[in-house]
**Q** 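This structure is in C-alpha cells; I'll ask about it shortly.
Chain A is the first sequence line, chain B the second, and so forth, proteins listed ahead of strands; every chain is numbered from 1. Please read these numbers as outputs of a predicted model, since none were measured by experiment.
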2 protein chains.
Amino acid sequence: MFEPVRDGQGAALFRHEALGVVLRVRGVAERAAELTVLLRRRRRAPFAGVWALPSGSVEADESVGASVRRHLATRVDLAEIAHLEQLETLSSPGRDPSQRTIATAYLGLVPWTNDPQLPENAAWHPIAELPETAFDHAAVIGHGIARLRAKLSYTNIAFALAPAEFTMAELRAMYAAALGHEVAVTNLQRVLERRGQLEATGEHRPSQGGGRPAGLFRFTSQELEVTDPFATLRPASRHHGIER
Amino acid sequence: MFEPVRDGQGAALFRHEALGVVLRVRGVAERAAELTVLLRRRRRAPFAGVWALPSGSVEADESVGASVRRHLATRVDLAEIAHLEQLETLSSPGRDPSQRTIATAYLGLVPWTNDPQLPENAAWHPIAELPETAFDHAAVIGHGIARLRAKLSYTNIAFALAPAEFTMAELRAMYAAALGHEVAVTNLQRVLERRGQLEATGEHRPSQGGGRPAGLFRFTSQELEVTDPFATLRPASRHHGIER
DNA sequence: GCAAAAGTGTTAACTGTACACCCATGT
DNA sequence: ACATGGGTGTACAGTTAACACTTTTGC
C-alpha cells in the first residue's frame, strides 16, 4: 500500500475522479437502433490501451458535476449534453491499483441526432457487445443503463435522448433500443400523451417511398420531471392525511 | 480560498467525509408514530453547537460505506443498521467554509423496535420539526426521505424499518408515518401479499383491553428486492423482445 | 389498384382504492 | 351484552397491453 497524504488535522486525502457514462441511441433513421455508450481508449498505465469511461481529476475549485462536463468537453469533444445526473460514488480501496482514488460517476444523455466528431481514441460502443473495460467501469455502465431504463418508465427522461421534433416511429425505435425490448407505437403514444409529456406540432414529414406522411411530435418539457410518481400506496383521494 | 494540496502528478487532493442519514419510525406501539432522523450536536467549528448528520473522515484504507458504518458505531453507538445504501455525493467548493471537503451520504434504516441508548449529544428528531442543521445537511435529509418514500412503493425496503414479527396494525402505523399520509390496512396487506413480500407466521398476539387478537406477520426477505419493477412500458408478455 | 406506413378504436387483464360487513376477545 | 380492535369480501375505477381496423400517401 501507499503512505496516505494527510492534512493538518490528520485526515487522509484522496484524489477524486469524475466519470461520465454517456449514453446515446444510434441508427434510429436507419431502422437499426441500438443503445451505445461512449468509451475512450486509455493512453497510460494502469490499463493502457484498454477501453474506459471518459474521466479526469476533479480540480480544487470545481464541483464533480462541473468536472464531468469539463472533461467530456475537452477529452472527447462532447460539449452538449441534454441531461446529466449523478449515478454513484466508487470508493473501494483497491479499485485503482496505481493510486488511492475515489470516483463519482455521472449519467449523461445525448439525442440520437447529435453525432459529433469524436477524437480517434474515442468511440460509441453498443451495449450488447461491450469490450473489456478498465477498473470497475463495467459495473458503472450497468448501473447507468439500469437508471436510464427505470427512469424511462416513470419520468420524461426520454426528452434527453430525442431531438426537438420527431415522428412516433422514430421515438418508438429509440425507446425499444434504450429499453432492450419491443415497444408498441400505439400504446407508447397513448401513455406519453396521457401524462402530458408529448404533444403534436401539427407539422408533417413528407413520406419517402410510399406510406402516409408522419406527424411530428415534441416533448412538452426539456427538464426532468417525474410524471408517474407513486406506483402504489399513494395518498387517499378524498380523506385526511397526516401532515408532511 | 486555500492552497490545495496536490499529489505527485499535480492532481488536487480532498478530504472525504462519510455522512449518515439514519431514519427510524418511533412511537408505533404508543399509536403516535412519526418518522425521525438521527442528529448529533456538533462540538467544534464550523457550526459548533448546531445539529448535524453523524459524519466523519474516510480513512485511506476503507470504503465510504465502511466508513459510515464505523462512524455510526463509534460516534452515536449505533452498531446495527438493517439497511444501508448510498444516497449522493456533495462536492460544491463552498459547502464547508473551513476546508475543502467532498462528502458522500448514505441512507440507513433502523427497525422501530431498535431504540439503543444514544450519547447525550445525539437524538432522534421528527422530520416534521427539524431544527436548524449545519452545512447542506437539510437537503440531504430531504433526499433521504424522498428515497425511502419512493422505495416503499416499489421495493420491499420496509423490512428494514420493521422487526422480525409484527401485527398489521403496527405495520400500517409505520407505513403511514414513513410515507406521511394515511394507509388503509386492508389494502396494504393485500398489496404486500400479492407481491410475495409478506407472510403470516400463524402466531397471534393476545389482545390487551379487548379486541380480537392480532395475527403476526413477517417479511419473506431481509434483502432489498425490487418487487414492482416496471410501472409502465414493460416488456411484452408473449412476444419476441430484442436481446438484452 | 395496391403496398406501405401512420393513425384510431376497442377490448380485456391487472392493480389498487373504497367501503360495508363479519369475527374474536376482555370487561 | 357490548365495546374494541382484527379480519374478510366485494364493487369500482384507473391504467396499460393487445389487436383489429381505417386512413393517407407513393408508385
Side-chain angles (χ1 to χ4, degrees), chain A residues 28-29 31 152-154 166-173 175-176 179 181-217 227-241, chain B residues 28-31 152-154 165-173 175-176 179 181-217 227-241:
Chain A
V28 167
R31 317 248 152 175
L152 280 172
S153 196
Y154 68 92
F166 45 82
T167 67
M168 284 310 299
E170 290 168 346
L171 192 67
R172 188 212 64 79
Y175 263 92
L179 288 171
H181 62 78
E182 278 308 321
V183 174
V185 221
T186 306
N187 299 330
L188 177 65
Q189 183 171 353
R190 233 189 300 259
V191 167
L192 297 183
E193 278 180 342
R194 172 159 36 203
R195 296 182 178 173
Q197 293 186 30
L198 197 67
E199 63 186 10
T201 66
E203 306 286 302
H204 286 259
R205 177 174 300 172
S207 72
Q208 64 258 43
R212 180 171 170 172
L216 290 173
F217 292 80
T227 54
D228 198 23
F230 298 74
T232 178
L233 299 175
R234 48 184 167 276
S237 48
R238 325 190 227 280
H239 293 303
H240 49 286
Chain B
V28 168
E30 298 77 18
R31 316 249 152 172
L152 279 173
S153 196
Y154 67 92
E165 298 193 343
F166 46 82
T167 68
M168 284 310 299
E170 290 168 345
L171 193 67
R172 188 211 64 79
Y175 263 91
L179 288 171
H181 62 78
E182 278 308 321
V183 174
V185 221
T186 306
N187 300 329
L188 177 65
Q189 183 171 353
R190 230 189 303 261
V191 167
L192 297 184
E193 278 181 343
R194 176 158 36 199
R195 294 180 177 175
Q197 294 186 31
L198 196 67
E199 62 185 10
T201 67
E203 306 285 303
H204 287 259
R205 178 174 299 172
S207 72
Q208 64 259 43
R212 179 172 169 171
L216 290 173
F217 292 80
T227 56
D228 199 23
F230 298 74
T232 178
L233 300 175
R234 48 182 168 278
S237 48
R238 328 189 226 279
H239 292 305
H240 49 287

**Q** Under 3.5 Å, which N/O atoms of the protein pair with N/O atoms of nucleotides 21-25 of chain D?
**A**
{"unit_1": "D/dT23", "atom_1": "O2", "unit_2": "A/R212", "atom_2": "NH1", "d": "3.0"}
{"unit_1": "D/dT24", "atom_1": "O2", "unit_2": "A/R212", "atom_2": "N", "d": "3.4"}
{"unit_1": "D/dT25", "atom_1": "O2", "unit_2": "A/G211", "atom_2": "N", "d": "3.1"}

**Q** In whole Å, what is the span from the CG atom of B/L188 to the C1' atom of C/dG16?
**A**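 My rounded result for the distance is 12 Å.
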**Q** State which residues pass ring pair (Phe, Tyr, Trp, His ring centres under 6.0 Å) with A/F217; sequence neighbours excluded, sorted by chain then number.
**A** none
**Q** List the residues meeting salt bridge (charged side-chain N to carboxylate O under 4.0 Å, His left out) with A/E193, not counting sequence neighbours, and say none if there are none.
**A**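 So A/E193 forms no salt bridge (charged side-chain N to carboxylate O under 4.0 Å, His left out) with any residue.
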**Q** Nearest to the side chain of A/T186 - C/dT8, C/dG16, C/dA6?
**A** C/dT8
**Q** Among all residues two or more places apart in sequence or in another chain, which pass the side-chain contact (heavy atoms from CB on, under 4.5 Å) test with B/S207?
**A** none
**Q** Take the protein atom CD of B/E193 and the nucleotide atom C1' of D/dT8, then report the distance between them rounded to whole Å.
**A** 11 Å
**Q** Please compare B/G215 and A/P206 by the position of their nearest nucleotide in DNA chain D and report the one closer to 5'.
**A**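 Nearest nucleotide further toward 5': that of B/G215.
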**Q** Rounded off to whole Å, could you give me the CG-to-P distance for the A/L216 and C/dA6 pair?
**A**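 To the nearest whole Å, that distance equals 11 Å.
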**Q** So does B/R195 get a side-chain nitrogen or oxygen closer than 4.0 Å to the phosphate oxygens (OP1/OP2) of C/dG16?
**A** yes
**Q** Holding to side chain to side chain donor-acceptor pair (under 3.5 Å), I want the full list of residues that pass it with A/T227, two or more places apart in sequence or in another chain.
**A** A/Q197
**Q** For the CG atom of A/L198 and the CE atom of A/M168, what is their distance to the nearest 0.5 Å?
**A**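 One gets 5.5 Å once the value is rounded to the nearest 0.5 Å.
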**Q** By nearest atom, which of the nucleotides C/dA6, D/dT16, D/dG6 is closest to the A/A214 side chain?
**A**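 For A/A214, the side-chain atoms sit closest to C/dA6.
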**Q** D/dA13 P sits how many Å from B/N187 CG, rounded?
**A** 16 Å
**Q** Whole angstrom is fine here: how far is it from CD in B/Q189 over to P in D/dG9?
**A**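 Answer to the nearest Å: 11 Å.
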**Q** What I'd like to find out is whether the side chain of B/L192 reaches to under 4.5 Å of the side chain of B/L171, using heavy atoms alone.
**A** yes
**Q** Base, sugar-phosphate, or nothing for B/A169, non-hydrogen atoms under 4.0 angstrom?
**A**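 Result for B/A169 = sugar-phosphate.
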**Q** Round to the nearest Å and state the distance from B/H181 atom NE2 to C/dG16 atom P.
**A** 14 Å
**Q** Strictly below 4.0 Å: does B/R190 bring a side-chain N or O up to OP1 or OP2 of D/dG7?
**A** no
**Q** Write out all pairs satisfying salt bridge (charged side-chain N to carboxylate O under 4.0 Å, His left out) with one or both partners inside residues 203-217 of chain A, taking only residues at least two apart or from two chains.
**A** A/E170-A/R205
**Q** Let me know the distance between CD of A/E203 and P of C/dA6, rounded to the nearest Å.
**A**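 One finds 17 Å between P of C/dA6 and CD of A/E203, rounded.
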**Q** Report the distance from atom CZ of B/F166 to atom C1' of D/dG6, rounded to the nearest whole Å.
**A** 16 Å
